[in-house]
Amino acid sequence: MAVGTELGSSLFLPKLAELLKVEPLSEKEKLFQLRLKDGSRLNHKPGQFVEVSVLGIGEAPISISSSPTRDDSFELVVRMVGNLTGALHRLQPGDTVGIRGPFGNGFPVSELLKRDLLFVAGGIGLCPLRSMIQHAIDKREQFGRIILLYGCRQPAEQLFRGELGEWRQRPDIEILESVDRCPVDVAWEGSVGVITTLFPQVSIDPGKTTALVVGPPVMYRFVVAECLKQGIAKERILLSLERRMKCGMGFCGHCQINNRYVCQDGPVFSYAELSRLGEAEL
Amino acid sequence: MDVFITSKADFDSSIQRMIQQNEIYGVKRKTPSFAFDRLVAAEELCLDYDITVLPPTKYLLPPTESLIKFKLAPEPSIRSSAEAQPCILIGIHPDDLHAIKLLDAVFTGSLTDVNYLARRRATTIVGVDCVNPWPYSFAASMGTAIPPRIFDLWLTDLGDEYLVEVGSARGEDLRKRYLKTRRAREVDLRQRNKVRQDWLKKYQLSLDMPPQEIPKVLDEAWHSPLWEELGQKCLACGSCTMVCPTCICFDVRDGIELNLKEGERYRRWDSCMFDGFAKVASGENFRPTGTARLRHRLYRKGKYMLERYGELGCVGCGRCVHACLVDIASPVAAYNRLAKEAR
Amino acid sequence: MKPKIAVFDFTCCEGCQLQILNCEQEMPDLVAALDIITFREVMTERSDHYDIAFIDGSCTTESEIARLKEIRQRAKMVIPIGACACLGGVNCFKNLHPMEDVLKAVYGQAAPYYDTIPARPIHAVIPIDFFIPGCPIVKEEFIRVVQEILAGKAPYLPNDPVCAECKMVGNVCVFDKGQTCLGPVTRGGCKATCVTGGAVCWGCRGLIDEPNINAEKEILEKAGLSIKDIVEEFSLFNACQEDVWK
Amino acid sequence: MEVSRIDINVHQLTRVEGHGNIIVKVSDGKVEEVRWEITESPRFFEVMLQGRRWKDVHVIASRICGICSVSHQLASLEATEAAFGIRPSEQTILLRKLLYVGEVIESHILHLYLLAAPDFLGAGSVFSLLDSPEHKDEVLRGLRLKKLGNDIMEMIGGRAVHPQAATVNGFGRLPSTEDLLYLQGRLRNALPELEAMVQLFKGFELPQFTRETEYIALKHPQEYAWIYGYISSTDTGLATLDQYLEVANEYCVPHSTAKFAKHARESYAVGALARINNNYEQLNPMAKMAADELGLKPLCCNPFMNNIAQVVETVHVVEEGIDLVEQLLRIGIQEEDIVVPVKAGRGIGAVEAPRGLLIHDYTYDENGYIVEANCVIPTNQNHANIQRDLEVLVPRYLDRGENELRLLCEMLVRSYDPCISCSTHMLRLELR
Ligand SMILES: Cc1cc2nc3c(=O)[nH]c(=O)nc-3n(C[C@H](O)[C@H](O)[C@H](O)COP(=O)(O)OP(=O)(O)OC[C@H]3O[C@@H](n4cnc5c(N)ncnc54)[C@H](O)[C@@H]3O)c2cc1C
Ligand code: SF4
Ligand code: SF4
Ligand code: SF4
């Protein structure tokens, strides 16, 4: 029995990290750049997340939105919706937060090698995808086409506008953007309509393509249907899920979907797997 | 196998000595039921009880437990609060011990929960066969009325004597230090088998199939009308999960002192039957109805746990059967009914 | 800057304010963390410049309505404390009678001098920011709410029923002893103190957000209560919430 | 000093329980108006009790007052038990007395340290005293004593305000032997603190103001009466409980939401001073020594001495608590079956609430539902006496000037430790 094993250090014990940079991205989202105080690297995979704490307030799972191929810092994008996220938004560079993780499976990078990557991002869903996009850009030769479909409710909600601009400059990335609606006085060059309106605008090779989809729950059903229509195999449609989470280690029970734990078995699941899970409702 | 005999009179005085030198929790009367509680005197201990209000797992995974302690000033610092005082748990029933086996698999599997592990290692387990199964229990048919071999000492009531089986070095040490024993003979062991058979027959509820079949039954039952039928009566009170020895879900919260300089993060029992259990900050609730929650609970017990940890998530103690005021929580009733539906 | 605190009493037994004063051990820390500037029961000093107003008691007169509106204007946060303030509590009983009758019966000729209106919880008169339920409030919960506000957090309002905590503390359910209980539909957070203290849950913390009233009525009936008894059971503290349980 | 015009209007007197105003008008050196006015909103508890099942009655009665909830509960339980012909066991009575000890300590200390002491120490509240290095330790001592009272109530009753354990004919939860041993230690450790309390109050200068009046309290042949006894008056001697309506003649006065009461004279007083004036001989030895030390001797007619009487009683109940715990340990806590033979009938329960004589009077139908309830509240009985005291005090201290006079009036009212919210909750509501 494993009971005889040594008491290791507690998985509930966060490491302290320093906020290097805090940058507003939109009305509700801020980008945080952090570095672990003990000098270690986070060593994450694209698509993984960390549990971020503000001591005394609480903890929340937040996707890592930078690629491990960059430097020893990492970036998070946080939307202010409640206690923990609100407290994070009040912090300044130099302040300390707690970090546990990385947790979760992340995107299956080795299975993506040589493949065309179809990123479909709804709103804040771009944040977890960004770690993979950056990774693919940094190791550009290892992957096929990189296509990004990015939908927001309105132009002002677009994140990473600077970086998007850089990506648009690159010949080896294809980007299509949409907004649900656009105020009359705002200049907008992309499409207007829900994100699925972008699909007819790209031609993909379904056999070579893996779709990486992150967005609000309502988006999934439509995007998955569209991907299937394009002929992408169920196994090649990857989704990252959000659930209530308390521990990140498969103990607390909150994130369970049928017999899967989003924090450990996910957050990235193939549609093939989710379609077998009654509770995923996909 | 190291099996011994001790007389009940000797046993009582052993307990008295044990109490003087150890932190010891045993089964005491809590009218009209029983409860594990700190023993002060040997005569408080009831080993012929039927059920305890809460299972002994409350000592391994307490209702609230500090996880980390932190200081914010002058410099932020954090430390783990995983620690445990050595104690002896006496009077654990076989089904509850099966539950502990499952908890071991969950918390000391691929990832280790050191809070759990610290407590588990500090705990000496002295179990006892269940002489008086209570009417709501169905452990016999779940195969959990015979203890798994993860105890330190095991007692079987043979009338004027206890048969004492040693399960570990720690158990052997306890026996040597406190118990006046003689080696058990062949007849004693035969006697144990006989009384155990008698007790097994006393269980009033039973599962209509071998327990390993439950997942198969559930595989066909996702759309059964049963869930709706039971679910709409559910109070979402969580009683069924709070009393369950295999229920382990928890919430994590932060507390902070008035001076805002120090505080702690702690966990607290939570329940998948609460309506907010799967609700996220955006307001989305992934299990919004009693129907969905009840189904999840019974799938978790009858299938998911087994698939993940190799043990069923129900040990048949029957606590939830009785705790549920609207009579819908019973796993045995649900599984039997679903099996019938399937046929 | 320490938040400036005011404690106000409306129609009630003042037991909830007393619970604040019963935080004997925490008192020095409370006084250090908060600037208590108005608290009639224990202070002669007073000031109208407060950030947080804790309100004890329900609103039962016209003049109390005016006072509440003034408090709302001045305070950044209004937090009713206790069953009377949060639910109307036991005061709502008088609502069952026409107010003119009540006045005439009590004061006769002098009736016009007095002012009484149907009792109501504070949130029925002015918007509130949070509330601390209970009859009386639980000291530990009051302290926790203060801590959370100081830390810049929205205070946590439990929504799990009393049964959950009743089980956590290891009580034998009172239904097993032939008694009846409102625990299954009542907002927890009190550690089931009444059951632990040897009684039953009377529902003083109000109903949870989505109580299963039908199921509760069913178990009360099964336990032998008449319809009249069930109504009494619910009306003890929740008389003003009639629309939910009737 | 020539004072020709004084206009005191203390709106919502502070540091008392409930809402009351003091109005004093003097013009051309002539006292025109002296009024003790009650503005608390009425709550009609007697009506609330009507039609309620016996088992909920003491729960509702408790909510009359948060500060003396134990008193209301016990008066209520006694009334119900009297109506059903129940005699509680010795264990129940001892536990009730111990619970009561908790309430008396808590309530007296609350008044002495948190409400009254700031007057003598020249502060506005206990919070500012906590901030002052000079007085902080005294306040902390007060808080420790107060906590002792609360801890006793928590241990015996379940919690400090509206405790839940006491029920008709028994206790829903019993303390363990360890609980009792722990309390014993706590009570014993409090003895030196009591000594310090006596010294603190000895140092306070009380106004030398006397006005003869009638003092009424419970009296018991064997003990200093708290929860059982006859009604005793310094004017007219003993009366039985069922004569209470003759003793407490309640009447309405204009501009007050509370009722006033009178007996042999135009007013009478209840409370700590009334108890000591009636039962001085039965004080415990230490309490008598404290009384000596503080110069309290019956018959004392200085209402300000009510504070001192509370100090003496606090000493008395701590001693009594030690004794009660010993008795309980001696008999050993036993689980008892709680049997309640419900029947129709009327019962009267009377206790000495910290603020004075409290009576509940219930009539039940044969199913155990209340047909009629009446309650006599201590502070109601004191209102008239407070009014008369003010009427005599104001002219006597006119020369002190408005500010000092206002403070004296406030201190006078405060010394009665009035519980105004109680006093207005018992208005009779006769609906036709
Ligand atoms: C894998 C994963 C990745 C994520 N990545 C990101 C990201 O990159 N950026 C981002 O902004 N967000 C992300 N989120 C969402 C983020 O975790 C939530 O927005 C965050 O937890 C909100 O916390 P809060 O304290 O601010 O909100 P609050 O609303 O204050 O919630 C606080 C806590 O209360 C709990 N709670 C919520 N509702 C209830 C209820 N009804 N009853 C009881 N408790 C409740 C929640 O568990 C939460 O932890 C991610 C979530 C997951 C699961
Ligand atoms: S599910 Fe019910 S019967 Fe099974 S182990 Fe849990 S409480 Fe016992
Ligand atoms: S199943 Fe029964 S015990 Fe469980 S939450 Fe529902 S009502 Fe409560
Ligand atoms: S006693 Fe009341 S609160 Fe406790 S479990 Fe039973 S019904 Fe729920």
Side-chain angles (χ1 to χ4, degrees), chain B residues 28-37 51-55 58 62-64 72 230-244 247 251 253-261 263 268-271 273-277 279 285 288-290 319-320 322-328, chain C residues 2 23 25-34 140 143-144 146-153 156-178 180-181 183-186 188 191-192 208-220 222-223:
Chain B
K28 294 177 25 175
R29 193 140 252 296
K30 180 155 187 161
T31 325
S33 186
F34 298 89
F36 277 93
D37 199 354
I51 193 78
T52 54
V53 179
L54 287 179
K58 70 178 181 185
T64 60
L72 296 173
L230 300 182
Q232 55 161 318
K233 282 198 189 175
C234 178
L235 293 154
C237 70
S239 291
C240 50
T241 57
M242 296 294 158
V243 297
C244 177
C247 274
D251 188 11
R253 297 185 199 161
D254 277 22
I256 188 156
E257 297 292 320
L258 284 166
N259 61 20
L260 301 185
K261 287 191 184 127
R268 183 172 186 276
W269 288 356
D270 204 341
S271 170
M273 299 304 289
F274 293 155
D275 55 11
F277 185 79
K279 199 167 166 184
N285 190 345
T289 60
R319 287 186 180 91
C320 64
H322 180 68
C324 180
L325 292 166
V326 289
D327 275 337
I328 57 169
Chain C
K2 295 202 250 176
C23 301
Q25 255 169 333
E26 298 84 357
M27 189 85 76
D29 285 346
L30 274 174
V31 173
L34 303 174
E140 291 75 11
I143 299 280
R144 177 180 58 74
V146 171
Q147 287 165 338
E148 288 173 338
I149 291 173
L150 286 171
K153 229 164 134 170
Y156 173 74
L157 178 69
N159 187 37
D160 312 328
V162 175
C163 288
E165 285 176 307
C166 191
K167 292 290 189 266
M168 279 191 213
V169 297
N171 287 329
V172 172
C173 180
V174 300
F175 282 94
D176 287 355
K177 305 181 194 169
T180 58
C181 185
V185 288
T186 299
K191 299 210 174 99
I208 46 174
D209 291 347
E210 291 179 37
N212 192 338
I213 295 293
N214 288 338
E216 173 70 17
K217 282 185 178 162
E218 210 173 286
I219 56 182
L220 292 180
K222 209 169 73 182

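We name chains A, B, ... by the order of the sequence lines, and we start the count at 1 in each one.
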Undergrad: For C/N159, which atoms come within 4.5 Å of any heavy atom of chain B: side chain, backbone, both, or neither?
TA: side chain

Undergrad: So for C/L30, is it side chain, backbone, both, or neither that comes closer than 4.5 Å to the heavy atoms of chain B?
TA: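 For C/L30, backbone and side chain are both near chain B.
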
Undergrad: Looking at C/C163, C/A32, C/A33, which one has more heavy-atom pairs under 4.5 Å with chain B than the rest?
TA: C/C163

Undergrad: Please determine if C/E165 and B/R268 form a salt bridge, counting it only when a charged side-chain N lies under 4.0 Å from a carboxylate O.
TA: yes

Undergrad: Heavy-atom distance under 4.5 Å to chain C: side chain of B/N259, backbone, both or neither?
TA: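 Nothing of B/N259, per the 4.5 Å heavy-atom cut-off to chain C.
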
Undergrad: Less than 4.5 Å to any heavy atom of chain C: does that hold for the side chain of B/D327, its backbone, both, or neither?
TA: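 Interface part for B/D327: side chain.
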
Undergrad: Taking the side chain as every heavy atom from C-beta outward, state whether C/C173 and B/L325 have any pair of such atoms under 4.5 Å apart.
TA: yes

Undergrad: Please flag which part of C/L150 lies under 4.5 Å from any non-hydrogen atom of chain B: side chain, backbone, both or neither.
TA: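 The answer is both parts of C/L150.
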
Undergrad: Is C/Q147 in contact with chain B via its backbone, its side chain, both, or neither, using a 4.5 Å heavy-atom distance?
TA: both

Undergrad: Among C/A223, C/G183, C/G188, C/A164, who wins on heavy-atom pairs under 4.5 Å with chain B?
TA: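 Result: the option with the highest number of such pairs is C/A164.
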
Undergrad: Tell me, out of C/I219, C/V146, C/D160, who's got the most heavy-atom pairs with chain B below 4.5 Å.
TA: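 It is C/D160.
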
Undergrad: Working to the nearest 0.5 angstrom, can you tell me the gap between C/D176 CG and B/H322 NE2?
TA: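 C/D176 CG to B/H322 NE2: 3.5 Å, rounded to 0.5 Å.
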
Undergrad: Of the listed residues (B/S271, B/G255, B/C234, B/A35), which shares the most heavy-atom pairs with chain C below a 4.5 Å separation?
TA: B/C234

Undergrad: If you take all heavy atoms of B/K233 and C/A215, which pair is closest and at what distance?
TA: O-CB, 3.4 Å

Undergrad: Tell me, for B/T241 versus chain C, whether the close heavy atoms (under 4.5 Å) come from the side chain, the backbone, both or neither.
TA: neither

Undergrad: Can you find a pair of side-chain heavy atoms, one from B/D275 and one from C/I208, that are under 4.5 Å apart?
TA: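 No, every pair of side-chain atoms sits at 4.5 Å or beyond.
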
Undergrad: Rounded to the nearest 0.5 Å, how far apart are NZ of C/K167 and SG of B/C240?
TA: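 If we round to the nearest 0.5 Å, C/K167:NZ and B/C240:SG are 10.0 Å apart.
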
Undergrad: Just do the side chain to side chain contact (heavy atoms under 4.5 Å, CB included) check on B/I256 and C/K153 with the steps written out, would you?
TA: CA-CA 11 Å; B/I256 188 156; C/K153 229 164 134 170; over 6 Å; no

Undergrad: Quick one: what part of B/L54 sits under 4.5 Å from any heavy atom of chain C, side chain, backbone, both or neither?
TA: side chain

